[in-house]
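Since the structure comes first, as structure tokens, the remarks are kept for the end.
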Amino acid sequence: MADMDRLSRDFFDRNTVIVAKELLGKRLVRVEDGNRLAGYIVETEAYRGEEDLGCHARAGLTQRTSIMYGSPGHAYVYFTYGMHWMLNFVTEPKGFPAAVLIRGILPCEGMDIISNRRKGQPFPRWADGPAKLCQALNITGSLNGTDLCAPNSALFIENGLPQDKISNNHVKVSSRIGLFSVPEPWKSIPWRFVLQMEVNNEPAGR
DNA sequence: AGCACGATTAACT
DNA sequence: GTTAATCGTGCTC
């Protein structure tokens, strides 16, 4: 039953760092024109609260950050560097601004569409970056605010790999990427999680 | 109104 | 390793 596989709001309504780690191995699903595009989440980062000077919420409540102050289980999609979209999931109770940045997925469904959008790149590197996966799954600002827990949502998460099947030995923890002018301790806080997967050089099931 | 910079990527030396 | 591409956001004047 695919619907029982979908993560509910309770999953996101927890400490952001725990959610970021437990999102590893889950399956991100994008429904577009009736097609399922999907991939296993392999890299995440936690951004947590106004005191986290790496988090957009350091600026307080603004039009852009308001989604992070809302209910957990919604998509926060923002535009940066004049050309790239980034996908995040809002976490923690309403009123506390926090989100998990999805930094990489391993595509597993909709391979033809994804590979066409990522021309020139070899599998499994079609979506190994926060902007790359948004391009691969056609995620833009129109999906900002999407409720991941609503029926018929264009974006949601499925259980994917069972949590107890992911050994801590396969999860690499490090500081977050790209925070050049962010002061310590936020610059080095170990809130990045990477799932080390064994991957063939060819997509499965083709 | 103007400015500096960004949770990046691809292409280059 | 270095750099251009390219524009929304938040801050200062």
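Throughout, a chain's letter reflects where its sequence line sits, starting with A, and its residues are numbered from 1. Predicted model only: the values in this text are computed from it and were never measured.
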Can you tell me how far [atom2] of [N] sits from [atom1] of [X], to the nearest Å?
| X | N | atom1 | atom2 | answer |
| --- | --- | --- | --- | --- |
| Tyr76(A) | dG6(B) | OH | P | 14 Å |
| Leu133(A) | dA7(B) | CG | C1' | 12 Å |
| His84(A) | dC5(B) | NE2 | P | 19 Å |
| Ile102(A) | dT8(B) | CD1 | P | 14 Å |
| Arg125(A) | dA10(B) | CZ | P | 8 Å |
| Met83(A) | dA4(C) | CE | P | 12 Å |
| Trp126(A) | dT9(B) | CH2 | C1' | 19 Å |
| Tyr78(A) | dG6(B) | OH | C1' | 8 Å |

| request: For dT3(C) versus dC5(B), give the span between their P atoms, rounded off to a whole number of Å. | output: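 My reading of the P atoms in dT3(C) and dC5(B) gives 16 Å.
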
| Pair partner, dT6(C) [Watson-Crick or wobble, under 3.5 Å] | none

| query | Counting only Watson-Crick or G-U wobble pairs whose two distances fall under 3.5 Å, which nucleotide matches dA7(B)? | reply |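 Because no pair has both required distances under 3.5 Å, dA7(B) counts as unpaired.
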
Using the side-chain heavy atoms of [X], tell me which of these nucleotides is nearest: [options].
| X | options | answer |
| --- | --- | --- |
| Phe79(A) | dA7(B), dG6(B), dC7(C) | dC7(C) |
| Ala131(A) | dT8(B), dC11(C), dA10(B) | dT8(B) |
| Met86(A) | dA7(B), dT8(B), dG10(C) | dT8(B) |

Counting just side-chain N and O atoms, does [X] come under 4.0 Å of either OP1 or OP2 of [N]?
| X | N | value |
| --- | --- | --- |
| Thr80(A) | dC7(C) | no |
| Thr62(A) | dG10(C) | yes |
| His56(A) | dT9(C) | no |
| Arg118(A) | dA10(B) | yes |
| Arg103(A) | dT8(B) | yes |

Testing the 3.5 Å rule here: is there a donor-acceptor pair between the side chains of [X] and [Y]?
| X | Y | answer |
| --- | --- | --- |
| Asn168(A) | Lys21(A) | yes |
| Glu50(A) | Tyr69(A) | yes |
| Gln121(A) | Lys132(A) | no |

| task | Tell me what Arg64(A) touches on the nucleic acid: a base, only sugar-phosphate, or nothing, going by heavy atoms under 4.0 Å. | result |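 Contact class for Arg64(A): sugar-phosphate only.
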
| What does Gly54(A) touch in the nucleic acid at a heavy-atom separation under 4.0 angstrom: a base, only the sugar-phosphate, or nothing? |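 It contacts base atoms.
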
| Between the base of dA5(C) and the side chain of Tyr81(A), is there any donor-acceptor pair under 3.5 Å? | no

| Just wondering, do Phe180(A) and dG6(B) stack (centres under 5.5 Å, planes under 30°)? |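 No, Phe180(A) does not stack on the base of dG6(B).
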
| query | Of Leu101(A) and Lys132(A), whose closest DNA chain B nucleotide lies nearer the 5' terminus? | reply |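 Its nearest nucleotide lies further toward 5', so the answer is Leu101(A).
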
| request: Using a strict cut-off of less than 4.0 Å between a Lys/Arg side-chain nitrogen and an Asp/Glu carboxylate oxygen, indicate whether Asp147(A) and Arg9(A) qualify as a salt bridge. | output: yes

| In terms of side-chain geometry, is the basic nitrogen of Glu109(A) or Arg36(A) positioned less than 4.0 Å from the acidic oxygen of its partner? | yes

| Do the rings of Phe79(A) and Trp85(A) sit parallel, tilted or perpendicular, given the 30° and 60° boundaries? |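 Answer is tilted, since the angle falls between 30° and 60°.
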
